[in-house]
Amino acid sequence: MTANSRQRELRFDPEAIDRKWQDRWAQDGLHHTPPDDPRPKWYELTMYPYPSGDLHIGHWYAMAPSDCHARFRRMQGYNVLHPIGFDAFGLPAENAAISRGIHPQTWTMSNIENMRRQLRSIGAIYDWDKEIVTCAPEYYRWNQWYFLKLYENGLAYQAKGPVVWCPSCQTVLANEQVLNGACERCDAVVTRRDLEQWFFKITDYAERLLDFSGLVDWPDKILTMQTNWIGRSEGVEVSFDISHLGLDDAEIRTFTTRIDTIFGVTFLALAPEHPLVAPLTTDDRRSAVEAYVDRARRTSEIDRLSTETEKTGEFLGSYAVNRLNGERVPIFIGDYTLMSYGTGAVMGVPAHDARDFDFARKYKLPVRMVIAPISWDGSEPSEAFLGDGFMTNSGRYEGMTNEEGMAAIAADVERNGWGRRTVSYRLRDWLISRQRYWGTPIPIVYCQLCGVVPVPEGQLPVLLPEDAEFKPTGESPLAGNENFVNTRCPQCNGPARRETDTMDTFMDSSWYMMRYLSPGYDDGPADPAALDRWLPVDQYTGGAEHAVMHLLYSRFFIKALRDMGLVDFDEPFLRLYNQGVILGEDHEKMSKSRGNVVNPDEVVSHLGADAVRCFLMFIGPWDQGGPWSEVGINGMARWLNRVWDILERDPARLDASLDAPQAAAEREEAVRETQRLLHQTVRKCHNDLDRFKFNTAIAALMEFSNHLNRVWADASVDPATWRECVEKFLLMLAPIAPHVTEELWERTGREYSIHQQPFPTWDEALAAEETITLVVQVNGKVRDRLQVPADIQEDDARELALASPRVKSFTGGKPVDKAVYVPGRLVNLVV
RNA sequence: GCCGGGGUGGCGGAACGGUAGACGCGGCGGACUUAAAAUCCGCUACCUUGACCGGUGUGUGGGUUCGAUUCCCUCCCCCGGCACCA
């Protein structure tokens with residue numbers, strides 16, 4: 001059974017209903033967010049899509065449930081903003097230009113056109129007047145403006161930074177263009193090059209970014225990932241003496257988190273790029289060292305890091321002195337030492353560091369235990385010992401615990417001026433330069449006389465020229481555009497050249513949530529009044545793949561803006577929720593090569609947007625994702641079909657049944673039970689929608705609809721009860737299935753629009769059970785179930801349990817040792 | 001290797017430490033139909049039984065508890081992230 005063949009069996013025409021109401025809502029401006037609404041605001045943001053061309057079912061999975069949640073908040077009485085836009089700059093557009101000869105602008109805008117249509121088909125409450133497209137000059141102008149602000153405040157700077165280089169294509173590659181260390185286009189082995197590039201000083205904010213106290217509700221997973229990404233380590237920067245060599249530098253600085261192991265140092269390892277490498281290399285070692293440095297430089301950093309655990313290096317020929325014990329230790333270079341972390345030099349302690357141990361084994365360096373575990377027999381270890389123990393071979397620190405030793409040595413090192421306690425971070429500064437065309441031009445001019453000159457604010461935007469050479473030439477595509485490159489210096493009006501790199505697109509997404517508020521605003525990135533009213537974002541939803549790039553960059557960005565006095569909040573997104581990944585029917589990740597990609601358009605036109613929305617929310621917990629199912633969605637369409645059937649029934653027909661010879665007491669009981677289930681369902685649905693538990697909210701609604709079918713078949717409730725039930729049922733379903741509910745709301749004579757009604761409320765008293773099933777266990781095993789009043793007391797419950805004949809047969813007349821009573825649930829008899 | 005998240009019927013999944021399998025899909029049986037589809041009704045973890053009863057069951061092995069899918073420890077798989085950070 002395919003979606004296609006099921007469609008003609010539905011009681012209604014979903015395509016017509018979708019179109020009818022989407023048009024009507026648009027016409028009435030139902031989703032406009034009024035600027036002066038007195039209700040409390042709720043800013044619910046879903047991560048904007050990249051306009052790749054087609055709205056994938058994965059987009060639906062991200063957007064339909066978040067729309068449902070935003071709608072729910074609106075029915076709860078909030079003034080809700082739930083905007084959408086496009087993350088329109090980036091590499092795929094440029095690749096399309098290269099491979100198919102289409103201009104990135106053309107490609108991007110036609111994709112956006114198509115995706116707008118598809119996004120409308122979801123039936124979300126997007127206010128299209130607030131749409132943003134980041135490749136528009138009105139948008140990226142403010143990227144440039146912010147860049148200048150960061151530059152003025154010393155947070156943007158220029159430095160050499162590594163890029164991945166394809167020697168065959170003669171071009172810079174993005175990391176995602178490298179497959180197994182080779183260029184994805186020509187398969188040549190990539191190398192690394194250092195280019196002068198722009199950075200943002202996110203490292204200045206490392207400490208503040210570790211403070212999550214300003215966040216209300218973020219998944220622990222993301223906080224952990226950010227914490228690990230920032231990678232804070234407390235340690236000691238300690239230097240080794242090389243004054244005997246008579247160089248400009250009298251010492252080598254190293255960073256360690258294990259100063260307690262300094263008596264175990266048997267070598268030093270410098271990064272190949274370390275400035276002291278050349279001066280420290282002796283003549284007899286020079287050719288070998290230079291060859292090693294050269295090899296390391298040609299290997300890309302990515303490659304270098306992904307190589308197995310084998311440690312390589314070269315002896316420089318010189319020695320340094322460990323000031324704590326006066327020992328001479330050989331100085332090596334090794335590419336397991338990274339220039340970009342700590343001081344670019346490490347003290348090698350083979351006995352207490354796994355990497356140093358490997359290195360020492362390979363180069364036959366001594367391994368000296370200086371932290372002894374209690375069980376240590378004095379022999380050389382077969383692997384590095386990383387645990388705690390007692391100081392040994394450690395001079396005056398002998399016998400201390402290594403924790404005491406750590407404190408004592410650190411203090412002595414500081415007192416002697418050999419180093420200082422410090423903190424290192426793994427986090428690197430944010431490299432924003434891209435040697436690409438399709439991005440925001442960096443607003444900088446290079447003047448022969450004045451040097452680096454920022455473009456004055458009044459001259460923004462620096463427009464991205466339309467013509468550029470996309471074919472690989474060895475430099476940024478903009479560099480070949482003479483009209484763009486050649487300009488006048490804003491300071492001296494002399495000849496100057498423009499910066500030809502463009503910005504990382506994470507720049508666009510760092511502040512886009514502010515632009516939505518006033519997308520046409522011309523005097524700044526956002527209207528200050530709107531900013532004041534709407535930010536920070538109350539609820540952000542999107543994929544966990546943005547845990548450490550986008551989300552960290554945006555947090556940094558906002559903190560930096562706050563320090564500059566440009567905003568007055570500290571965190572951009574108060575709450576975060578990550579949806580899972582929608583899989584193909586084969587339970588595999590969707591991909592073109594697997595052929596398991598689902599095109600939502602076809603399903604939507606056959607079964608309707610609501611069936612797709614409902615099904616995506618019903619698959620399972622939203623944060624866990626799950627497999628698409630062609631038959632599964634048919635089941636959902638069938639349920640909506642039954643809902644339609646329920647709403648088509650005329651409640652007046654229940655009046656006729658009053659004449660039936662049915663006991664009045666029985667009918668009264670059915671009404672009471674129906675009321676109870678209604679109130680329980682409202683409670684469950686409310687609480688589940690509130691916490692993104694869409695699957696169980698829908699299950700509760702299904703149970704309620706099943707109940708309605710039963711009482712209709714029995715004609716056991718009165719028309720008024722029926723009317724109340726179906727009305728509240730529709731209201732609960734409205735945020736989940738907006739089109740069908742609006743249609744049924746109208747067809748049953750109710751006033752437009754269902755989406756402007758409040759979400760139903762419940763009464764705890766009416767939701768409370770009158771009787772419960774009392775479970776009776778014997779030694780923890782269920783032996784009987786008794787229907788008892790909900791307010792039964794412990795003594796009565798115990799008595800009833802003991803009186804049960806089934807229970808008696810299991811206790812075998814033995815005396816009961818103990819009876820555990822759980823109010824409202826069970827009695828457990830222990831014999 | 002390290003850090004997260006998972007492992008429950010044929011499938012997706014439900015279950016404040018307290019009736020395991022809600023809800024849905026699929027399957028089986030029935031009603032309606034000339035017939036099929038759709039629709040409606042019933043059954044559907046496994047073993048045993050004609051049926052009740054009973055027994056076994058939430059990746060593995062242990063532990064805590066009157067009671068464990070849930071908490072703790074061991075191990076095995078799957079998914080995601082990081083990956084020589086001194």
Side-chain angles (χ1 to χ4, degrees), chain A residues 1 5-6 8-11 219-225 227-229 231-233 235 254-258 261 269 304-311 334-338 340-349 352-356 358-359 424-428 544-545 547-548 578 580-581 583 587 589 614-615 618-621 623-636 638-639 641-642 645 693 695-703 705-706 709 713 773-782 784-785 806 809 817-822 824-831:
Chain A
M1 180 59 53
S5 61
R6 175 79 66 181
R8 43 175 204 277
E9 312 296 346
L10 292 176
R11 293 184 168 95
D220 288 341
K221 175 188 175 175
I222 304 293
L223 301 185
T224 307
M225 283 168 79
T227 304
N228 293 341
W229 188 262
R232 183 182 197 277
S233 292
T254 67
F255 173 75
T256 180
T257 55
R258 290 295 305 273
T261 66
R304 200 168 110 187
L305 295 183
S306 67
T307 321
E308 278 76 77
T309 44
E310 225 226 332
K311 309 282 177 289
D335 66 4
Y336 81 96
T337 304
L338 308 172
S340 50
Y341 183 80
T343 60
V346 299
M347 55 179 226
V349 186
H352 303 291
D353 182 282
R355 295 151 302 182
D356 297 344
D358 289 348
F359 193 84
S424 277
Y425 301 91
R426 292 177 42 173
L427 184 69
R428 311 290 155 81
E545 68 273 18
V548 284
N578 297 119
V581 179
L583 304 172
H587 290 48
K589 227 175 200 166
C614 288
F615 178 66
F618 188 64
I619 288 175
D623 57 350
Q624 281 173 34
W628 175 260
S629 164
E630 194 71 28
V631 287
I633 191 166
N634 281 327
M636 189 51 74
R638 220 152 53 194
W639 179 61
N641 202 35
R642 284 198 295 275
D645 181 49
K693 300 199 145 281
N695 57 328
T696 46
I698 292 173
L701 290 174
M702 285 174 167
E703 281 186 71
S705 72
N706 290 342
N709 268 333
T773 307
L774 183 74
V775 170
V776 185
Q777 297 180 336
V778 177
N779 292 332
K781 291 201 172 199
V782 179
D784 204 358
R785 296 178 171 93
R806 310 246 332 258
S809 73
D817 287 346
K818 185 170 160 188
V820 180
Y821 175 64
V822 182
R825 291 216 175 255
L826 61 73
V827 176
N828 186 16
L829 304 171
V830 186
V831 294

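A note on names: the letters A, B, ... follow the listed sequences, proteins ahead of strands, and every chain is numbered from 1.
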Can you give the dot-bracket line for RNA chain B, where a pair is Watson-Crick or G-U wobble with both atom distances under 3.5 Å, crossing pairs use [ ], and | marks a partner on another strand?
-> (((((((..(((.....[....)))((((((.......))))))(((......)))..(.(((..]....))).))))))))....
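- Distance noted for atom C1' between B:U65 and B:U70: 13 Å (whole Å).
- Checked against B:A83, B:C3, B:A86, the side chain of A:Asn228 finds its nearest nucleotide in B:C3.
- A gap of 15 Å separates the P atoms of B:C28 and B:C46, to the nearest Å.
- Distance CG (A:Leu774) to C1' (B:G67): 15 Å, rounded to an integer number of Å.
- Going from atom CG of A:Asn709 over to atom P of B:C40 covers 8 Å, rounded to whole Å.
- A search for side chain to side chain contact (heavy atoms under 4.5 Å, CB included) contacts involving A:Asp645 returns A:Arg11, A:Arg649, not counting sequence neighbours.
- In the set B:A83, B:G12, B:A14, the nucleotide with an atom closest to the side chain of A:His587 is B:G12.
- A residue-by-residue look at A:Thr224 and A:Lys818 shows that A:Thr224 has its nearest nucleotide of RNA chain B further toward the 5' end.
- A gap of 37 Å separates the P atoms of B:G50 and B:A14, to the nearest Å.
- One C1' atom belongs to B:A20, the other to B:U56, and the distance between them is 13 Å to the nearest Å.
- In this structure, the side chains of A:Val827 and A:Val820 stay at 4.5 Å or more apart for every pair of heavy atoms.
- Rounded to an integer number of Å, the gap from CG of A:Asn779 to C1' of B:U65 is 13 Å.
- Here the shortest heavy-atom pairing between A:Tyr821 and A:Leu774 reads CE1-CD1, 4.5 Å.
- A tilted orientation is assigned to the rings of A:Phe359 and A:Tyr336, their planes being inclined by 30° to 60°.
- Rounded to whole Å, the distance from CG on A:Asn578 to P on B:G81 is 13 Å.
- Both A:Val548 and A:Thr257 lie near RNA chain B, and the one whose nearest nucleotide falls closer to the 5' end is A:Val548.
- Between B:U64 and B:U74, the distance separating the two C1' atoms is 16 Å to the nearest Å.
- For B:G80, the OP1/OP2 oxygens have a side-chain nitrogen or oxygen of A:Lys589 closer than 4.0 Å.
- If you check every strand for non-hydrogen atoms under 4.0 Å, A:Ser424 touches nothing.
- In this structure, A:Tyr341 atom OH and B:A83 atom P are separated by 14 Å, rounded to whole Å.
- Put simply, the side chain of A:Ile698 reaches to within 4.5 Å of the side chain of A:Met636, judged on heavy atoms.
- Annotation for A:Arg428 and A:Tyr341: closest pair NH2-CB, 4.1 Å, computed over non-hydrogen atoms.
- In terms of the side chain to side chain donor-acceptor pair (under 3.5 Å) criterion, residue partners of A:Asp784 (sequence neighbours excluded) are, by chain and number, A:Ser804.
- Applying the salt bridge (charged side-chain N to carboxylate O under 4.0 Å, His left out) test to A:Asp356 and every residue at least two apart in sequence or in another chain returns nothing.
- Scanning both residues, A:Gly344 and A:Thr337, for their nearest heavy atoms gives O-CG2, 3.4 Å.
- Taken from CZ in A:Arg785 to OG1 in A:Thr773, the straight-line distance is 8.5 Å, to the nearest 0.5 Å.
- Here the C1' atom of nucleotide B:C2 and the CE atom of A:Met225 are 13 Å apart, to the nearest Å.
- The base of B:C84 is paired with the side chain of A:Lys311 by a donor and an acceptor separated by under 3.5 Å.
- Atom C1' of B:U8 sits at a distance of 7 Å from the matching atom of B:U69, rounded to the whole Å.
- Taking the side chain to side chain donor-acceptor pair (under 3.5 Å) definition, one finds that A:Arg642 meets it with nothing, sequence neighbours left out.
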Take nucleotides 18-25 of chain B nucleotide by nucleotide from the 5' end and write B, S or -, depending on whether a protein heavy atom sits under 4.0 Å from the base, only from the sugar-phosphate, or from neither.
-> BBS-BBSS
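- The interatomic distance linking A:Arg232 (CZ) with B:C82 (P) rounds to 23 Å, in whole Å.
- B:G7 and B:A15 are spaced 12 Å apart, taking the P atom of each and rounding to whole Å.
- For the pair A:Lys693 and B:A15, the criterion of a side-chain N or O lying under 4.0 Å from OP1 or OP2 is not met.
- Whole-Å rounding puts the A:Ile619 CD1 to B:G26 C1' distance at 16 Å.
- An anti base is found at B:G13: its glycosidic angle is more than 90° from 0.
- At the heavy-atom level, A:Pro219 lies nowhere under 4.0 Å from the strands shown.
- Taking the C1' atom of each, B:A31 and B:A36 are spaced 16 Å apart, rounded to whole Å.
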